[in-house]
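Following: one structure in structure tokens, then a few remarks.
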Amino acid sequence: MTLENNIIQYTIQAVKELYGACLDAHQVTLQETRKEFQGQITVVTFPFIKFSKKSPEQTGQEIGAYLKIKIDEIIDFNVIKGFLNLSASDNFWVSRLNDIGDEGFGIFSANGKKILVEYSSPNTNKPLHLGHVRNNLLGFSVAEILKSSGYEVIKANLVNDRGIHICKSMLAWQLFGNGETPESTGLKGDHLVGKYYVIFDQQYKIQIQRLIAEGQTEEDAKKNAPLINSAQQMLLNWEAGEEQTLALWKKMNDWVYSGFNVTYNKLGVDFDKFYYESNTYLLGKDTVEEGLKNKVFFKKPDGSVWIDLTADGLDEKLVLRADGTSVYMTQDLGTAELKYHDFKMDESVYVVGNEQDYHFKVLFLILNKLGKSWAKGLHHLSYGMVDLPSGKMKSREGTVVDADELIDEMMRTARERTEELGKVENFSAQEKEELYRMIGLGALKYFLLKVEPKKRLLFDPKESIDFQGNTGPFIQYTHARIKSVLTKGNYQKHQSAFYSSELKALERDLIVILNKYPDTVKSASAEYSPALIANFTFELAKAFNKFYHEEPILKADEEDVKQFRLELSAATAMVLKKGMKLLGIEVPDRM
RNA sequence: GCACCUGUAGCUUAAUUGGAUAGAGCACCUGACUACGGAUCAGGAGGUUAGGGGUUCGACUCCCUUCAGGUGCACCA
């Protein structure tokens with residue numbers, strides 16, 4: 001029984017005994033006591049005054065007195081308007097520290113539930129850019145958070161490895177590539193393929209202009225340009241399984257995959273399962289059959305299959321073409337079934353940009369109407385686009401912030417910044433590289449993850465990402481600083497913390513924050529929000545630095561005070577490290 | 001045109017899901033024991049929470065409306 005639960009239970013009891021009303025647990029709201037007032041935990045008593053028929057102050061006094069008698073840990077209280085501020089004893093907080101310092105603190109035991117997180121899902125015609133980076137970091141972090149809160153997690157990547165856009169790169173390479181390979185050019189495979197995707201678009205535009213000059217309308221020119229026709233023919237050849245086309249496709253996709261692997265490794269993301277659209281794009285027709293049988297879908301005279309969602313405020317939606325071929329929805333219905341067949345997971349999260357909000361709304365609705373038992377566990381983690389000051393990023397036009405370049409740039413900045421500070425003279429060359437990698441990536445990841453997923457993000461390449469204030473390096477620095485003190489103080493983990501004198505306010509504040517970590521993990525998991533973890537680690541690091549500045553640790557007057565503060569510092573370092581790990585960020589011991 | 005999302009200090013953002021005087025960081029100004037690590041800490045200035053109405057003890061949060069930005073409304077994926 002936690003103290004919080006105790007307070008809720010006894011508050012219910014108090015309202016019953018004093019005012020004769022029965023409350024539900026969720027009618028009692030607790031919150032942190034604001035720091036300008038005495039106490040740590042606050043009960044909002046406004047809702048009770050309709051039962052007490054007394055002023056908020058009077059009501060708070062009565063309930064406060066009741067709680068103080070009933071709960072040992074509560075040693076004091078004060079009332080301000082409708083807020084009952086409770087103070088717990090120092091003994092209570094010191095004893096909390098024993099749990100907080102535990103390895104398993106904030107890591108929940110298995111809840112028996114399985115969840116699949118699908119993220120990344122790149123197209124194989126171009127390298128990854130900043131938008132993909134946001135997706136990858138979000139997906140990875142959410143997976144870590146879910147693990148920490150007790151789920152069994154499967155990380156899946158549904159690779160879009162076929163389609164007209166892939167054929168465009170293939171065709172351009174065939175026509176203009178002169179047999180270039182990653183080896184011959186020294187280019188990363190995904191960049192080489194992306195280069196031909198751009199070339200396709202340039203040449204295509206030239207052809208369009210030529211046709212327009214010859215008197216065609218723009219619309220006709222776009223349809224009649226030889227390049228686009230060849231690309232479409234190539235797609236047909238691919239679908240027909242034509243050998244040469246398949247060989248080219250395989251060769252270029254392999255280039256891309258080795259390029260992606262490098263980027264994934266640098267970002268520190270990984271996957272348990274890969275799905276390829278070349279294997280799944282024909283799925284879903286059985287599901288359509290099933291839907292027809294159940295009268296969830298209907299057939300139009302031309303033979304195309306639809307679902308009527310007008311009763312749900314949406315439109316009619318096509319699920320199968322008249323000629324029996326699939327559309328995007330068909331494929332996603334089939335893939336959803338496949339994933340469930342493979343893993344029997346209780347829940348499934350799709351990390352996909354908000355431009356597909358409507359698609360997923362419809363997809364989930366259809367699966368629900370089809371009566372799939374697992375459909376209610378589906379969730380679209382929608383995130384906002386990353387825009388540049390100049391507007392949207394467009395791969396075709398080359399106006400993107402490339403993932404690899406960005407990562408390199410971040411590491412370079414980390415190097416410059418660190419060298420300016422002159423703190424790494426005694427690091428080996430290898431240690432330095434490792435450190436710049438940690439700091440550069442830490443800054444980038446934190447920058448992208450501290451913002452709520454659904455908000456759109458503006459990224460200005462000219463303004464480099466900060467290393468001070470609410471940033472990854474600030475938290476990394478705090479961790480390194482603590483480690484340094486622990487080393488100097490010859491810190492050994494003790495069986496249990498004890499403290500003979502009164503807690504200092506900053507010490508108590510720090511424990512109160514540390515104590516919130518498990519709840520923060522739970523909320524972040526329920527809301528799929530790494531931003532909550534980021535905010536927490538920042539709040540914690542800030543509180544520690546404040547404490548560190550005001551209260552001597554190694555130079556404390558009493559030995560037990562010194563030991564206690566070392567214990568408190570060690571616990572802080574551990575929780576910072578855990579929190580950052582959930583964001584996919586490593587923390588150095590020195591920096 | 002219809003639907004969905006977003007709008008908080010100059011910039012980037014938070015607010016325990018309806019609770020206290022809207023809290024931070026950057027940038028700007030002032031200061032910190034000749035340091036247990038200054039990538040830090042303390043202080044100052046900066047707000048009509050896009051505008052207007054409503055709901056109630058109480059609204060950044062819920063409802064209505066106007067405005068601004070974004071996205072979607074393909075027999076593309």
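Convention: sequence-line order gives letters A, B, ...; per-chain numbering from 1.
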Output all residues satisfying ring-ring contact (aromatic ring centres under 6.0 Å, His included) with [X], sequence neighbours left out; order by chain, then residue number.
X	answer
A/Y517	A/F536
A/F538	A/F474
A/W249	A/W238
A/Y528	A/H379

Seminar exercise, completed: Residue set satisfying side chain to side chain donor-acceptor pair (under 3.5 Å) with A/E420, at least two apart, ordered chain then number -> A/R417

Seminar exercise, completed: Those residues at least two apart in sequence (or on a different chain) that pass side-chain contact (heavy atoms from CB on, under 4.5 Å) with A/A322 are A/D302, A/S304

Exercise. Which residues satisfy the side-chain contact (heavy atoms from CB on, under 4.5 Å) test with A/N515, sequence neighbours excluded?
Worked result: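 Once residues adjacent in sequence are excluded, the partners of A/N515 under the side-chain contact (heavy atoms from CB on, under 4.5 Å) criterion are A/E4, A/W93, A/R96, A/I100.
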
For nucleotides 33-35 of chain B, tabulate all protein N/O to nucleotide N/O atom pairs closer than 3.5 Å, reporting atom names and distance.
none

For this session: Only pairs at least two apart or in different chains count here, so list each side chain to side chain donor-acceptor pair (under 3.5 Å) that has a residue in residues 318-334 of chain A.
Result: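 Passing the test, one end in residues 318-334 of chain A: A/R321-A/T325, A/D323-A/T325, A/Y328-A/Q356, A/D332-A/H359.
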
Exercise. Picking from B/C41, B/C5, B/G37, which would you name as closest to the side chain of A/K454?
Worked result: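 From the listed options, B/C5 comes nearest.
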
Exercise. To the nearest Å, how far apart are A/D557 CG and B/C36 P?
Worked result: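 Atom CG in A/D557 sits about 15 Å away from atom P in B/C36.
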
Exercise. Can you pull the salt bridge (Lys or Arg N to Asp or Glu O under 4.0 Å) pairs that have at least one residue in residues 512-537 of chain A, sequence neighbours excluded?
Worked result: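 Residue pairs passing salt bridge (Lys or Arg N to Asp or Glu O under 4.0 Å), neighbours aside: A/E32-A/K516, A/K516-A/E539.
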
Exercise. For the residue pair A/Y119 and A/Y350, is the inter-centroid distance of their aromatic rings smaller than 6.0 Å?
Worked result: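 No, too far apart.
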
Exercise. Can you give one letter per nucleotide of nucleotides 70-77 of chain B, 5' to 3': B if a protein heavy atom sits under 4.0 Å from the base, S if only from the sugar-phosphate, - if neither?
Worked result: -SSS-BSB

Exercise. So which of residues 36-53 of chain A are in contact with RNA chain B, with a heavy-atom cut-off of under 4.0 Å?
Worked result: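 Those residues whose heavy atoms fall under 4.0 Å from RNA chain B, taken from residues 36-53 of chain A in numerical order, are A/F37, A/T42, A/V44, A/F46, A/P47.
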
